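Have a look at the structure below before the remarks.
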Number of protein chains: 2
Amino acid sequence: MDGRLARGEETRRVTLQRAVELASVEGLEGITIGRLASELELSKSGIFALFGSKEDLQLAAVEHAEKIFRAHVVTPAATADPGLPRLVALLEHWLVYSKSRVFPGGCFFAAVAAEFDARRGRVHDAIRSGQQQWGRFLERLVTEAVEAGHLPADTDAAQLAFELFALARAANTDAVLSGSDVPYERATTAIGNRLRG
Amino acid sequence: MDGRLARGEETRRVTLQRAVELASVEGLEGITIGRLASELELSKSGIFALFGSKEDLQLAAVEHAEKIFRAHVVTPAATADPGLPRLVALLEHWLVYSKSRVFPGGCFFAAVAAEFDARRGRVHDAIRSGQQQWGRFLERLVTEAVEAGHLPADTDAAQLAFELFALARAANTDAVLSGSDVPYERATTAIGNRLRG
DNA sequence: GAACTATATGACCGATCGTTCGTACACTTG
DNA sequence: CAAGTGTACGAACGATCGGTCATATAGTTC
């Protein structure tokens, strides 16, 4: 174990990177091992052996996407002051994450959540628990803003977190579908008003 | 042309009905002609001949889903008084449409919009224009509520329509993914507050 | 240098995909 | 009754799917 990556680790990384890009556009079911292999100039069986099954590849892709999401949204927001500033920073980073197409198909999780919300199995479960974790995190930042006196003391944190995230997600959906950036302005306006009033 | 349905019309209808149910769970790409054929006890080639291609089947499914949507959401709302009551009725019917699982996978259009938002082609275009039409309709009802004096005169109708629909869509997504009805309560609360304040 | 492990390959499997084609049956029209 | 049209079928197509397996190569360990 020296500092360099084992050969397999690197192959795994580039494969997952391509997989999450593909999945944000075509869905997790749209990923095919054969397509990944030809695009990355690897063999089907080589990629297959790295993950063990297509479902395990999908699960690994979800995990990989979560790392990317945290790096672009959660981690940067941590540098803002606790309370309302941090909450606002988180939402701003989320909108930039969507608008800048960190994933070419917009928010990865909006895409795969809609794809797997009504299915069963390990992939559904992984997506659901990831979304629940995100929801709890958002709610905690709202609570901290309330406790800091930046938001009214009688604020229902879970309710407000739902409303704020609803606006951000709608901006992502509308923007990707229509090809316009106007929805991001709408979400920014609405979020600002909601936190001010 | 008497009153009865031609044989082909009826086959087409039941096929599309099953197709939209399937698509709301597995996506429009999840529809396969072979699967439809075996479930409906028809031949693959018979179904194929009815639509001409898989893409045309998907387009027909979108149209069929739009009819169902209008029957459950748009038409019933028309009986409410113009202005705010009609707008509220529309949103309530939308939430019931989602919650009662008119489509087993929740809102059909939330599912297929997320699936095709970043793709190209006729299916994407059909979904996009359908969603734009819905957005304009919602905005018009907001405008009518403003003109009736039920909402503040300085209301930005497009902005408010975006916010209201964002809340409803978020309820659908969260409810289907989590299997809980709490998101519908959240959306109802938020919509009520937004229209009151 | 020998032994071992991790990594990757190509050939191949049965299943299913969308699609094509020739044909048979049912109905309407003349 | 004959002809024509709409509807549906079964067989088959090439392509691709996820997955298996024996094998070759590269790196590490002793």
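Lettering of chains follows the sequences in order, A, B, ..., and the numbering in each one begins at 1. Since the structure is predicted, the reported quantities are computational estimates derived from the model, not experimental observations.
- Note: A:Y97 and A:W94 have perpendicular aromatic rings, judged against thresholds of 30 and 60 degrees for the angle between ring planes.
- Taking 3.5 Å as the limit, the base of D:dG19 and the side chain of A:K54 contain no donor-acceptor pair of atoms between them.
- Taking atom CG of B:L36 as the reference point, atom C1' of C:dT16 lies 14 Å away to the nearest angstrom.
- With hydrogens and angles left out, the side chain of A:K44 and the base of C:dG10 share no donor-acceptor pair within 3.5 Å.
- Looking at B:S43, its side chain has no donor and acceptor atom pair within 3.5 Å of the base of D:dG10.
- The side chain of A:F48 approaches D:dT20 more closely than any other nucleotide in the set D:dT20, C:dT19, C:dT9.
- Note: CG (B:L50) to P (D:dG6) measures 13 Å, nearest angstrom.
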Ring pair (Phe, Tyr, Trp, His ring centres under 6.0 Å) evaluation trace for B:F109 with B:W134 = CA-CA 11 Å; B:F109 301 98; B:W134 162 256; 9.0 Å; no

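- Between B:F103 and B:F108, the ring planes lie tilted relative to each other; the angle falls in the 30° to 60° range.
- Between the CD atom of A:E55 and the P atom of D:dC17 there is a distance of 18 Å, rounded to whole Å.
- If you measure from atom CD1 of B:I33 to atom C1' of C:dG18, you get 6 Å, rounded to the nearest angstrom.
- Distance, A:R12 CZ to C:dA8 C1': 16 Å, rounded to whole Å.
- The CG-C1' distance, from A:L40 to C:dT7, rounds to 16 Å in whole Å.
- Checked for salt-bridge contact, A:R18 and A:E21 meet the test: a charged N lies under 4.0 Å from a carboxylate O.
- As judged by a 4.0 angstrom heavy-atom cut-off over every strand, A:L57 is placed among residues making no nucleic acid contact.
- Between the C1' atom of D:dG18 and the CZ atom of A:F51 lies a distance of 15 Å, rounded to the nearest Å.
- Residue contacts shown for A:L42 are limited to sugar-phosphate atoms, with no base heavy atom under 4.0 Å away.
- Exactly one residue among A:R128, A:Q132, A:R169 makes a side-chain hydrogen bond (donor to acceptor under 3.5 Å, both in side chains) with B:D174. That residue is A:R169.
- Using a 4.0 Å cut-off, some side-chain N or O of B:T11 falls inside it from OP1 or OP2 of D:dA8.
- Atom CD1 in A:I31 sits roughly 13 Å away from atom P in D:dC17 (whole-Å rounding).
- Neither OP1 nor OP2 of C:dG10 sits under 4.0 Å from any side-chain N or O of A:S45.
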